[in-house]
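Single-structure report; data block below.
Small disclaimer: the values here were computed from a predicted structure and weren't measured. A, B, ... follow the sequence lines: proteins, then strands. Residue 1 opens every chain.
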Protein chains: 2
Amino acid sequence: MSRQSSAGPPTAGLSSDLLLGPVSGTNTFEETVQRLLQTVRLGLIAPGERLPAERELAAQLGVSRDTLREAIASLAGAGYLISRRGRYGGTFVSNVLPAPPLLAEKNPTGASHPSITAAQIDDVLTLRDILEVGGARAAAGRVLSPPERELLWSSLEAAAAADADEYRRVDSRLHLYIGELAGSPSLVPLLADVRMRLNELLDAIPLLAPNIAHSNKQHEQIVIAILTGRPDAATDAMREHLSGTALLLRGFLE
Amino acid sequence: MSRQSSAGPPTAGLSSDLLLGPVSGTNTFEETVQRLLQTVRLGLIAPGERLPAERELAAQLGVSRDTLREAIASLAGAGYLISRRGRYGGTFVSNVLPAPPLLAEKNPTGASHPSITAAQIDDVLTLRDILEVGGARAAAGRVLSPPERELLWSSLEAAAAADADEYRRVDSRLHLYIGELAGSPSLVPLLADVRMRLNELLDAIPLLAPNIAHSNKQHEQIVIAILTGRPDAATDAMREHLSGTALLLRGFLE
DNA sequence: TTCAAAGGTATATACAGCGAACCATTCCCC
DNA sequence: GGGGAATGGTTCGCTGTATATACCTTTGAA
């Protein structure tokens with residue numbers, strides 16, 4: 001091995017991946033847009049509900065009001081948000097959310113609908129498995145406060161009661177809340193992120209009633225396992241639940 | 001329930017966490033510094049080895065050469081990097097890395113060494129458990145190419161052969177490579193990040209020889225489980241391995 | 001001696017984000 | 001009906017960050 005100086009293992013194969021990746025280039029503006037989009041797409045604020053006032057929200061996000069306004073304008077243009085002025089006005093989540101862009105951004109070549117590579121699917125599904133299964137397990141291993149238990153159960157019921165067009169959103173909320181119960185604040189944004197990526201994929205395939213019923217049963221198992229403090233059961237239930245979606249996705253997209 | 005418009009569950013308790021958090025405010029400069037620091041602290045480029053040339057590295061990172069230079073200068077000032085000019089010069093990782101800052105940034109009050117709250121420790125440890133255990137399991141569930149198997153094994157041997165002062169670095173490398181084998185590119189940066197946070201904590205406690213020996217044995221079990229394709233065994237081995245560190249940390253810091 | 005490859009320096013430009021003040025609209029309450 | 005208050009809408013200028021480009025300096029191998 002032709003190393004150049006002191007001791008240590010060869011660096012091959014790993015360093016490149018971390019060093020080479022382009023720096024995120026995170027505009028404050030872009031990041032703000034993403035945050036708002038998450039809030040809407042993941043159902044954290046339901047259609048018809050109001051966001052905090054601009055000045056207030058800007059302060060909470062640590063962003064100038066100008067930048068926040070640009071982000072809102074951008075999402076309003078896309079049909080996600082609606083602003084109303086005057087007293088008791090504000091910025092509201094659109095009552096009817098726009099159909100998501102369906103990815104596939106039209107290759108100039110006109111190829112049917114790829115731009116979703118198998119590698120991307122694997123990436124999302126694998127990461128989701130790790131985060132959600134681990135999160136469910138951690139949640140089941142903690143002692144939950146009564147309000148937490150109540151909110152968890154009501155999230156479950158909300159998912160069970162939802163009809164097809166709001167299912168994706170309510171489902172996301174439930175999963176996100178489970179992650180929140182894991183007790184690692186840093187986990188939540190990661191979960192939200194992978195959930196967004198997953199939803200983009202799910203938007204490309206039909207949502208069938210039997211699948212929903214099945215999901216609801218599994219949700220119940222997961223929640224009960226968490227509430228009764230059985231990490232292994234929660235792990236298994238979540239893993240099985242996710243594998244259903246994974247199979248569905250791979251079947252339709254690969 | 002005093003809702004305002006259409007159907008859906010109450011939003012209480014969850015939305016705040018995602019919406020309210022301040023936007024990262026990521027300077028390109030700061031981010032570049034972090035990337036370089038990771039590369040050094042996690043042992044991706046060993047002491048004495050060379051970084052790519054400035055112009056080249058800047059291109060890879062998607063950053064102007066000026067910004068990259070500022071980052072390098074900053075790290076050179078802190079003793080992590082050394083630049084040499086002229087042909088066959090370049091930027092090198094310092095042969096003797098500076099002792100890490102030991103956190104605790106000196107409260108004006110002069111309090112001994114807190115600024116590490118129990119919540120922070122739990123956050124890091126929980127997240128690490130989720131990511132590393134999940135990653136090891138995923139890695140064990142994949143078929144690995146011969147070069148991958150070889151590199152994994154040699155990383156293990158490097159960790160076993162390391163002496164105390166380079167152990168942290170080589171250990172990080174091994175764990176990171178296991179994560180890379182999980183097959184989810186997005187996982188690696190997350191792992192690197194949590195690993196950095198963990199190392200900051202570990203730097204505050206002594207590193208004992210028996211611990212190292214013990215770790216090495218566990219590493220072997222993990223790697224073998226991965227190489228032989230036994231996800232459950234890999235999961236258990238990794239979980240046990242991490243619990244050792246977790247106990248150690250909680251004992252010293254809480 | 002020459003040349004190539006690397007770091008070091010200087011300058012001009014673009015624009016993103018911030019802060020602050022002010023305008024316009026709407027609705028409750030008196 | 002009128003006043004007040006809370007909200008979004010608009011404007012302007014300042015500051016700092018990042019980029020791009022060109023050129024200089026150092027070093028060591030050929």
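Counting heavy atoms from C-beta on, the side chains of B:P47 and B:E166 never come closer than 4.5 Å. No side-chain heavy atom of B:T39 sits under 4.5 Å from any side-chain heavy atom of B:V93.
B:D203 has a carboxylate O that lies under 4.0 Å from a charged side-chain N of B:R41, or vice versa, which qualifies the two as a salt bridge. Here B:D171 pairs with B:R195 in a salt bridge; the nearest charged N to carboxylate O distance falls below 4.0 Å.
Judged as a salt bridge (Lys or Arg N to Asp or Glu O under 4.0 Å), the pairs with a partner in residues 69-79 of chain B (not counting sequence neighbours) are, in order, B:E54-B:R69.
Taking 4.0 angstrom as the limit, A:T91 places a side-chain polar atom (N or O) nearer than this to OP1 or OP2 of D:dG8. For the pair A:R69 and D:dG9, the criterion of a side-chain N or O lying under 4.0 Å from OP1 or OP2 is met.
Atom pair A:I82:CD1 and C:dT26:C1' shows a separation of 17 Å (rounding to whole Å applied). In this structure, CG of A:L57 is placed 12 Å from P of D:dT7, rounded to the nearest angstrom. Rounded to a whole Å, the CG atom of B:L51 is 13 Å from the P atom of C:dA6. The CD-C1' distance, from B:E54 to D:dT25, rounds to 13 Å in whole Å.
Not counting sequence neighbours, the partners of A:S186 by the side-chain contact (heavy atoms from CB on, under 4.5 Å) test are A:S184, B:D123, B:L127, B:R197. Residues forming a side-chain hydrogen bond (donor to acceptor under 3.5 Å, both in side chains) with B:Q34 (at least two apart in sequence, or on another chain): none. The side-chain hydrogen bond (donor to acceptor under 3.5 Å, both in side chains) test applied to B:T28 returns no partner, not counting sequence neighbours.
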Where do N or O atoms of nucleotides 27-30 of chain D meet protein N or O atoms at under 3.5 Å, pair by pair?
residue, atom, partner, partner atom, Å
D:dT27, O2, B:R87, N, 2.7

Protein heavy-atom contacts under 4.0 Å, written 5' to 3' over nucleotides 11-22 of chain D as B (base), S (sugar-phosphate only) or - (none), form the string B------SBB--
